[in-house]
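All remarks here apply to the structure that follows.
Residue numbering restarts at 1 for every chain, and letters A, B, ... go by the order of the sequence lines.
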Amino acid sequence: MKLTKGFWQTYKEVPNDAVVPSHQLMLRAGLIHRSATGLYSDLPMGLRVLQKIEQVVRRELNRIDCYELTLPVVTSAELWKQSGRWATFGNEMLRLTDRSGREFCISPTCEEPIVALFSKTVRSYKQLPVTLYQIRTKFRDEIRPRYGVMRAREFNMKDAYSFHIDPDSLRETYQEIYQAYERIFNSLGLEFIVVEADGGTMVDGDAKTHEFQVLANSGEDRVIRCTSCGYAANIEKAKSKRSNVEFDQSQQELELVSTPGRQTIEAVGEYLKIKPECSLKSLLYSSVSGTGADATEEIALLLLLGDDELNEIKLKALLGGDHIAPLSDGAIEALGLHKGYIGPAQLPESAQSRLRVIFDIAIEKDVSYVVGANQVDYHFRGYVPTRDGEGQWADLRLARSSDRCDSCDHSVEEICGVEVGHIFELGQKYTESMGVTVLNQQGKAVNPYMGCYGLGVGRTMAAAIEQNHDQHGIIWPVEIAPYHLYFALISKSDEINQLGVEIYQQLVDAGVEVLFDDRKAGPGMKFKDADLLGLPLRLVLGERDYKESGKLELRQRKSGQSLEVSPKELLPTIKRLLGELRGE
RNA sequence: CGGAGCGUAGCGCAGUUUGGUAGCGCACCUCGUUUGGGACGAGGGGGUCGGAGGUUCAAAUCCUCUCGCUCCGACCA
């Protein structure tokens, strides 16, 4: 491509609404354009990157017998009502009504449409297993879109769905896709880890899911990883043990102590001169199931060590409701409890009968803690869970970087990642709710098993930039660079200009993807643009040097290494360097 | 949805406190000189100051409402 005929504009200044490097660089390098919050145009230069990512995805999926198709972007409410997700998806789903009042949504994901399609076309186990995928626009009306295309509302996702007659077949395909994802992200030159994750509203209960996390400081996801055995999980899901702490082993009587105005763990700890982990944090959460008149509410009193935090994802999984939220101040008072002084001991009648009490398993059962006394300005000292309390025990706490691995006892670390892929063993959730069956070998109708496998194309581009840039700009891995070579022409002589055009044409004919900077601009500007855009190689034909030595300069963006090359050696040298950069 | 902040030319910003003919840098256009790390000179185009209403002789500036955007939080495959 010749820049004199191109549609490409770069920017010297950082737009003030971009905070992470990938977003800033994508805007500055003219890859994307913001249209509205969470809505972006992919400009020609950016689109080439996205298409290259898609190419790699297609190559690896086709290789394991996945078939590409497209489903409609706008889908009927009927489908979503069948599975129940018309209600549970909530405001994240962008809904529309057509001229005759029928309801639709812009698909946030496509389990329902694919299941509907499947049910109309597959009758027999002989047609299974099968894996179908598409790469299409999805829309999720995120409460807070941010970081450019990293968390956009409209985005392009590769979503694959597999169907199976039994769980073994599902596991087999899941494994194949898992490996294909590893090949995809390796091909793209990304450093990533695979972690255990929570399935959210996608799955029922404790179904198996894995996330592919590209390591990046600006990643929104927090991952807990064992430094020894390799265990890694999203913090939402992570199980880990606390490092040893010194508890108060004395088991005195339960003693009411005055703590005037002390409402926080910190304030109480300071006042009574105890460490935060020697008190118990009492949280009240409401879990609601169903909607409208059918809604049922359960209220839970959660006890955690004073310096631990609640993992709401774990809590939600435990309570099983559709929606959980901290109890409002008003609702707390209505139970006869007082914020800042809530505790598990001597609960008022009004609360006792309504509360489900749950202790976090990190709490030692036979040591003494300070807890709220359910009276304003008082706490209890000497609360011993097994002696004074009654309730369920469960894993509720949020893992921390100071923890130890649950299985091998080594220390864990917390790292940040960008979730570029997420794969799920869905099981029969959708085929059951939507009443889909196939005939098995015995001629009996059974609900097939499903898996689904997402991969964010735009997010992968952003993650690649997060991981590959420096102060001057992007440094594209060869596989996804919009072009291979930035060819800057620095000359005002017709003869050299003509030579530049010829070299450009030869390279293009030989299959090199060349961005030819034939603009009438100074060398400084061309070099700055080349660094900003970050193509793997930069070729310079300069009048001064060429007339002197008959050579061009070929420079690698990543290493900064450069070579003097004659026109004759050019093509083989470029091919060799690109091969090296690909790791061949 | 709660908290904070911002809307002035394509981008980055000043001007708003104290009302008085809308500015600067970059980018863009023309001519000339330049050509190895964002060149220089001269000339030029572009904004009903987010929108509506109000106060005033006079509003980017003061008041009311409204829309949009960003950040933090809550929420959320």
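For residues 481-499 of chain A, there are no salt bridge (Lys or Arg N to Asp or Glu O under 4.0 Å) pairs, not counting sequence neighbours. Sorted pairs that involve residues 24-39 of chain A and meet side chain to side chain donor-acceptor pair (under 3.5 Å), not counting sequence neighbours, are lacking altogether. Residue pairs that meet the ring pair (Phe, Tyr, Trp, His ring centres under 6.0 Å) test with at least one member in residues 4-29 of chain A, sequence neighbours left out, are A/H23-A/Y40.
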Under 3.5 Å, sequence neighbours excluded: what are the donor-acceptor pairs made by side chains of residues 544-551 of chain A?
| from | atom 1 | to | atom 2 | distance (Å) |
| --- | --- | --- | --- | --- |
| A/K547 | NZ | A/E543 | OE2 | 3.3 |
| A/S549 | OG | A/D545 | O | 3.0 |
| A/S549 | OG | A/K551 | N | 3.3 |

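Partners of A/F118 under the ring-ring contact (aromatic ring centres under 6.0 Å, His included) rule, at least two apart in sequence or in another chain, are A/F163. Partners of A/H422 according to the ring-ring contact (aromatic ring centres under 6.0 Å, His included) rule, which considers only residues two or more places apart in sequence or in another chain, are A/F424. The ring-ring contact (aromatic ring centres under 6.0 Å, His included) test applied to A/F516 returns A/F487, A/Y504, not counting sequence neighbours. In this structure, A/K2 has no side chain to side chain donor-acceptor pair (under 3.5 Å) partners at least two apart in sequence or on a different chain.
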Worksheet item: When you check every protein heavy atom under 4.0 Å of nucleotides 3-15 of chain B, what one-letter string (B, S, -) results, 5' to 3'?
Response: --------BSS--

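Near RNA chain B, meaning a heavy atom under 4.0 Å away, the residues from residues 521-529 of chain A are A/A521, A/G522, A/P523, A/G524, A/M525, A/F527, A/K528, A/D529. Contacts of residues 534-555 of chain A with RNA chain B (heavy atom under 4.0 Å): A/R538, A/V540, A/G542, A/R544, A/D545, A/E553, A/R555.
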Between protein and nucleotides 72-74 of chain B, what N or O pairs are separated by less than 3.5 Å?
| from | atom 1 | to | atom 2 | distance (Å) |
| --- | --- | --- | --- | --- |
| B/C72 | OP2 | A/R144 | NH1 | 2.8 |
| B/C72 | OP2 | A/R144 | NH2 | 2.5 |

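Among the atoms of the strands shown, base atoms are found under 4.0 Å from some heavy atom of A/M157.
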